Number of protein chains: 2
Amino acid sequence: MKKKKKNENSSKIFLGHDHGVCFGDAITQIEDYFIKKKLQLTPLRRKVFEILIEDHKPLGAYEILEKLGKTGFSSSPPIAYRVLDFLIVHGFVHKVQGLNGFIACSNPNHSHFPTFVICRKCEKVAEVSEEKSGLKLPSPEISNFKIEKTTIELTGICSTCENAEIR
Amino acid sequence: MKKKKKNENSSKIFLGHDHGVCFGDAITQIEDYFIKKKLQLTPLRRKVFEILIEDHKPLGAYEILEKLGKTGFSSSPPIAYRVLDFLIVHGFVHKVQGLNGFIACSNPNHSHFPTFVICRKCEKVAEVSEEKSGLKLPSPEISNFKIEKTTIELTGICSTCENAEIR
DNA sequence: GTTAGTGTGTTATGTTATAACATGTAATGA
DNA sequence: TCATTACATGTTATAACATAACACACTAAC
């Protein structure tokens with residue numbers, strides 16, 4: 001109890017959390033941002049964001065549509081894609097390319113260039129902020145290029161799944 | 001002529017090249033690799049690789065299929081996807097997720113974790129090797145995670161296009 | 001000469017994403 | 001007040017991307 005190995009804390013990027021707090025915080029953040037920017041947090045937009053926050057993992061557009069349908073919204077594809085695009089533009093949602101999925105941003109005010117760490121076995125996804133990822137961008141080599149958007153995804157296997165693997 | 005600004009050289013990641021040499025080198029490399037690994041560089045596989053090397057930019061699977069069709073190969077989707085998967089596994093092709101496209105690896109023997117720099121305007125794509133990208137992986141934060149594959153894509157605007165932009 | 005492994009071909013279908021147009025509603029301002 | 005606009009959502013149809021499942025040919029190994 002006196003001393004913990006540093007690794008024990010520093011590596012737990014897939015760790016659980018108090019979801020009630022997380023959910024509430026996220027809603028508050030998006031509400032504040034929308035007011036500040038004079039954007040409309042409509043029922044549909046709110047619902048899509050809630051669906052993503054609730055699940056806390058990447059969902060496909062068609063999964064989102066299904067959930068929308070069950071709560072009385074339209075469930076034709078453009079509905080989801082439009083709202084997702086909007087939320088992405090404003091930094092509240094990211095697309096995880098490797099999974100064709102969408103996930104709520106875990107820290108809308110910070111991560112402009114987030115890294116996603118994806119376990120191919122359990123399919124858990126962790127968003128690691130710019131500061132913590134150890135990622136250094138851009139290099140002098142590409143300083144003549146203006147980066148607007150990054151897709152950084154690290155796929156592999158988390159320690160839990162690796163320990164569980166047979167061979 | 002005596003002195004060049006360092007930037008002039010170091011930033012030209014989109015620079016042209018002697019394509020004849022590039023093409024020949026690439027074919028030689030893949031031939032050697034296939035012999036060494038006792039793999040079959042069949043006419044189909046060779047053709048797909050040649051198509052990608054020739055164009056030197058990401059092509060969609062269906063674009064490749066069209067080119068295959070014109071040269072007497074079958075052009076049903078699985079043909080392309082199977083060969084592409086094979087070439088990807090062996091490191092001769094990369095998938096550019098942001099464009100749903102496939103591109104020949106510019107340095108099969110080196111870049112295990114390449115970075116792709118993509119201009120959203122001219123759609124040029126440069127592959128930057130691990131060493132040159134300035135990318136540092138992995139961080140202590142994620143050291144408990146075994147990275148098997150990375151998707152690192154930087155989208156933005158290259159200096160040529162930026163200078164050409166009106167606004 | 002049967003078997004196993006590999007490569008290609010074919011049909012059908014699944015999955016992901018967008019184009020184009022219609023409708024509704026609120027704010028703006030002549 | 002009522003045309004104009006900006007924005008949000010709805011709808012239909014289709015485009016674009018990808019894979020499943022099965023068939024067949026060829027080669028190598030036993």
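Keep in mind that this is a model prediction, so the values were computed, not measured. Reminder, nothing fancy here: chain letters follow the sequence lines and each chain counts from 1.
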Consider the side chain of K95(A), meaning its heavy atoms from C-beta on, and name the nucleotide among dA17(C), dT8(C), dA12(C) that approaches it most closely. dA17(C)
Between N100(B) and G72(B), name the one whose nearest nucleotide on DNA chain C is closer to the 5' end. G72(B)
Tell me if the side-chain of Y62(A) makes a donor-acceptor pair with the base of dA17(C), cut-off 3.5 Å, by modelled atom types. yes
When you measure from the side chain of E153(A) to the backbone of Q97(A), do you find a donor-acceptor pair of N or O atoms at a distance under 3.5 Å? yes
Rounded to whole Å, CG of L39(A) lies from C1' of dC7(D) at a distance of 11 Å
Looking only at heavy atoms, which two atoms of S74(A) and L68(A) are closest? And how far apart? O-CB, 4.0 Å
Between dT8(C) atom P and L68(B) atom CG, what is the distance in whole Å? 11 Å
Atom NZ of K38(B) and atom C1' of dA28(D): how far apart are they, to the nearest Å? 13 Å
Can you tell me how far P of dA8(D) sits from CG of L41(A), to the nearest Å? 11 Å
Kindly point out which of dA18(D), dT8(C), dT11(D) is positioned nearest to the side chain of S74(A)? dT11(D)
Just how far, in rounded Å, is P of dA17(C) from CG of L65(A)? 11 Å
Grab the NE2-C1' distance between H90(A) and dC7(D) for me, whole Å please. 12 Å
Which nucleotide in the set dT18(C), dG10(D), dT11(C) lies at the smallest distance from any side-chain heavy atom of P78(A)? dT18(C)
Listed nucleotide nearest any side-chain atom of Y81(A), set dG7(C), dG10(D), dA17(C): dA17(C)
In the structure I gave you, are the side-chain heavy atoms of K67(B) and F73(B) within less than 4.5 Å of one another anywhere? no
note: L84(A), atom CG; dT18(C), atom C1'; distance rounded to Å ~ 14 Å
Closest nucleotide among dT10(C), dT8(C), dG10(D) to the S76(B) side chain: dT10(C)
So, D55(A) side chain and K57(A) main chain: donor-acceptor pair closer than 3.5 Å or not? no
Under 4.0 angstrom, heavy atoms only, what part of the nucleic acid is L44(A) near: base, sugar-phosphate, or nothing? sugar-phosphate
What is the distance from CZ of R82(B) to P of dG5(C), rounded to the nearest Å? 18 Å
Taking the basic N atoms (NZ, or NE/NH1/NH2) and the acidic carboxylate oxygens, is any pair closer than 4.0 Å for E31(A) and R46(A)? yes
